[in-house]
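One structure below.
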Amino acid sequence: MTHQHPDQQTRMLIGILGYIVPILFFLPLVIDSLKSDSFARYHANQQLLLLLFWVAGNVIAQILVVFVIGIFLIPLVSLAGLIFIILGIVNVAQGKTKPLPVIGEYTLIK
C-alpha cells in the first residue's frame with residue numbers, strides 16, 4: 001500500500017469543515033490520505049475539544065438555568081464556541097497548529 005499525501009486544498013477543506021461542524025472531527029481519522037497527516041490530526045483533536053466544550057458547557061448551563069445563572073451562561077458558552085470556531089478556521093487557513101485558547105492544550109487524539 002502506498003502512502004498518499006493529501007493535497008493542501010483537501011487538508012484545508014476538511015480542517016475548516018471540522019470547525020464549522022465539530023461533530024465531523026473524525027474525518028481526518030478515517031480518510032486514508034489524512035490518517036497519518038499530523039496537521040489534520042492536530043486539528044481533529046482541537047475540533048474534538050471544541051465539541052466536548054460545547055456539549056459540556058451547554059449541559060452545565062441548562063442545569064444551572066434552575067439557579068438563574070445558566071441564563072447568562074448559555075450565551076457565553078455559545079459566544080466562546082463561536083470564537084473558538086473562528087480561531088480554528090483562521091489557524092487552518094494559515095497552516096498553523098496553534099491551540100485554541102483555554103481548551104486547546106489537551107491532547108485526546110495523538
Should Ile16 and Leu13 be regarded as members of a common hydrophobic cluster, given that ILVMFWY residues are connected when their side-chain heavy atoms come within less than 4.5 Å of each other, either directly or indirectly?
no
Of the non-hydrogen atoms in Ile14 and Gln47, which two are nearest, and what is the gap between them?
O-NE2, 4.4 Å
Heavy-atom closest contact (Asp37 atom, Ala40 atom, distance)
OD2-N, 2.8 Å
Any chain of hydrophobic side-chain contacts (each under 4.5 Å) joining Tyr42 to Leu52?
no
Kindly list each side-chain donor-acceptor pair under 3.5 angstrom involving residues 76-98, sequence neighbours excluded, with atom names and distances?
from, atom 1, to, atom 2, distance (Å)
Ser78, OG, Ile74, O, 3.2
Asn91, ND2, Leu87, O, 3.3
Asn91, ND2, Lys98, O, 3.0
Gln94, OE1, Lys96, NZ, 3.1

Is atom CZ of Phe26 surrounded by more than 12 heavy atoms (other residues, nucleotides or ligands) closer than 6.0 Å?
yes
Look up atom CG in Leu64 and atom CZ in Phe72, then write down how far apart they are to the nearest 0.5 Å.
12.5 Å
Would a distance-only check, ignoring hydrogens and angles, find a side-chain to backbone donor-acceptor pair under 3.5 Å from Asn45 to Gly104?
no
Main-chain N/O of Lys110 paired with Arg41 side-chain donor or acceptor, under 3.5 Å
yes
How long is the span from the CZ atom in Phe53 to the CD atom in Gln46, to the nearest 0.5 Å?
13.0 Å
With ring-ring contact (aromatic ring centres under 6.0 Å, His included) as the criterion, how do His43 and Phe25 come out once you've worked through the C-alpha distance, each side chain's angles and the decisive distance to 0.1 Å?
CA-CA 8 Å; His43 285 287; Phe25 75 88; over 10 Å; no
Given side chain to side chain contact (heavy atoms under 4.5 Å, CB included), test Leu100 with Ile103 step by step and report yes or no.
CA-CA 6 Å; Leu100 297 173; Ile103 63 171; 4.1 Å; yes
Any idea which heavy atoms bring Tyr106 and Leu49 closest together, and the distance?
O-CD1, 3.1 Å
Could you tell me whether the side chain of Val21 reaches within less than 4.5 Å of the side chain of Leu24, counting heavy atoms only?
yes
Can you check whether Lys35 reaches Pro28 side chain to side chain, under 4.5 Å on heavy atoms?
no
With Ile23 as reference, evaluate Leu48, Val55, Leu51 under the side chain to side chain contact (heavy atoms under 4.5 Å, CB included) test and give the passing residue.
Leu51
